[in-house]
Amino acid sequence: MANNDRFIRKWEVKIGRNDSVRKDVLPSNAKNYADRKRDKDTATYIDRYKTQTISSDNLTTVPGNVITIKDPIQIVAQIVDPKDEKKTNYTKTMIQLYNLKEDHWKFIRTGDSIFLRGGFEQDGDDLPHVFIGQITKVRHYPEYQNTVTYIEANSCELVRQGAKISKSYPKGSTLKSIVEDLSKAIAQSGIPVGEINQQPIAAELLAKAYPSGYLVQESPLTALEKICDHNGMRAYVSQGRLYIEPKKPRGELTNVVVIGAGQFKGKIENEKDKRGEEQSSDDDFKDNYDLKVNILLNGNITVNYMVRITAPGYEGLYTIKEIVHAMDYEGDKWDTTLTLLEVEN
C-alpha cells in the first residue's frame, strides 16, 4: 500500500442500544422482534402519533451506551444501498469482524444500532459513514485460528417492525399532505427526513388529490412506500434518513457529485444496449443500467445524489441506481461501485 494519506485505510464501528428511540417505538412489554409481531400496541402508538413532536433522538444519533471497534482489527464488509423500481429500498450490510475482545462480542445483540464509518487517513477523525442501521442477526464462529463475528443489518429494521397505524385521511387529501404526514410519523419512530423532492416533476405528482380519501392500516414506512410507488415516486432509506423523489428524475435532485477520468479504478462497464430490452423480472431490471464505475471508497456519495461524469466518451448526468461499498481492511477491496442510469433530457 502506498505511503500516502490518500491511500492509508481507516475505519470505525460503533454499536449500541438506542433505548430512547426503542422505548418510544416498541410496546413496553416487547422484548424482541417476535414479541413485537405478536403484540402491536396500536392504541398507544396512535396517541403518540397525534401528539408527539419530532424528537432530536433518532436512529441516526449514536447512543451513549456503545462499544467502539476500529483498525487495526480486520474487517470485511459489503454494504448495498439500492434505489430501483421495487417498492422496498433500504441499505443492507454484512460485516465480518475478526478476533474481537470477549466483552465486545458478548455486548452485540440483535436490534442494536450500528454505525460504520470508513475512508482514508486523510479524512482524520471525520470519516464518512458508509452504513447506519440496526442489527438483524449476529453470530460468532471459530474459523481456523480466528474467531469471526458475523453481523447482518439494514437501515430501517426497527421502524419497519414497529407498531402499525390505522388512519383515514379525509376526502380531497392530496398526495403531498399524506406523504408529509406519514413522513412525520416515520421521523417520530426514529428515521428523520433527509429530503422530500420539491422540483417541478415532483410537485406535479404530489398535487394529486384523493376524492374519496385514503386509508392506512400498516406501518407508516410500508404505507409510504406503497403510496409513492403507486404514484410514480419512490421512498427509500439511506444512511438512516428518508428520501422521497420521482422515479424518473430529470436532473432535479439537489446533490450532484462530479467524477473525472482520474478517479476511476479499472475499466468502466458500459451497458447502454440493455436500455431498450423488455424487462421481465427484478433481476432483469438490475441489469438495466448505462454505466457501472468503480472508485476509491467514498461514503460521501449516497443514492440521493446525481453523478456528473466528465470522462471523455462517458460525459453526462446520471442518477444512481445502486451503491456498493466493498471493504476488506487487509485485502484488495476498499472500493465504491456506482451503478448509473443516464438522465433523460
Just how far is it from atom [atom1] of [X] to atom [atom2] of [Y], taken to the nearest 0.5 Å?
X	Y	atom1	atom2	value
L224	L242	CG	CG	5.5 Å
T174	L206	OG1	CG	8.0 Å
T93	M327	OG1	CE	8.5 Å
K171	S212	NZ	OG	7.0 Å
T339	Y318	OG1	OH	13.0 Å
I178	S173	CD1	OG	5.0 Å

So, are [X] and [Y] salt-bridged, with charged N and O less than 4.0 Å apart?
X	Y	value
D229	R234	no
E322	K292	no
E315	R308	no
D328	R9	no

task = Tell me, yes or no, whether the heavy-atom count around D125 atom CG, taken from other residues, nucleotides or ligands under 6.0 Å, exceeds 12.
result = no
Treating [X] as the side-chain partner and [Y] as the backbone partner, does any N or O pair qualify as donor plus acceptor under 3.5 Å?
X	Y	answer
N197	Q199	yes
N99	T147	yes
T336	N298	yes

request  = Take D81 and K92 through the salt bridge (Lys or Arg N to Asp or Glu O under 4.0 Å) test and state the conclusion after the steps.
outcome  = CA-CA 7 Å; D81 196 358; K92 52 187 176 293; over 6 Å; no
Consider only side-chain N and O atoms of [X] and [Y], and report whether a donor and an acceptor are under 3.5 Å apart.
X	Y	answer
K14	T68	yes
E157	N154	yes
E225	Y236	no

request  = Apply salt bridge (Lys or Arg N to Asp or Glu O under 4.0 Å) to the pair K184 and E180, showing each step before the final yes or no.
outcome  = CA-CA 6 Å; K184 183 182 294 186; E180 289 178 346; over 6 Å; no
key: NZ or CZ of R139 within 45° of Y150 ring axis and under 6.0 Å   = yes
inquiry  = Does the structure place the NZ or CZ of R117 under 6.0 Å from the centre of the six-membered ring of F131, at an angle of no more than 45° from the ring's axis?
reply    = no
request  = Using a 4.5 Å cut-off on heavy atoms from C-beta on, say whether the side chain of V216 contacts that of I227.
outcome  = no
key: ILVMFWY cluster, V13 and L127 together (side-chain gap under 4.5 Å)   =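 Cluster IDs for V13 and L127 differ.
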query = Can you get from I191 to I132 by hopping between Ile, Leu, Val, Met, Phe, Trp and Tyr side chains that sit under 4.5 Å apart?
reply = no
request  = Mind telling me whether W334 and F120 have parallel, tilted or perpendicular rings, with 30° and 60° as the class edges?
outcome  = perpendicular
Parallel, tilted or perpendicular: ring planes of H140 versus W105, cut at 30 and 60 degrees =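 H140 and W105: tilted rings.
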request  = Test K167 against E218 for salt bridge (Lys or Arg N to Asp or Glu O under 4.0 Å), laying out the working first.
outcome  = CA-CA 9 Å; K167 182 172 183 178; E218 53 204 330; over 6 Å; no
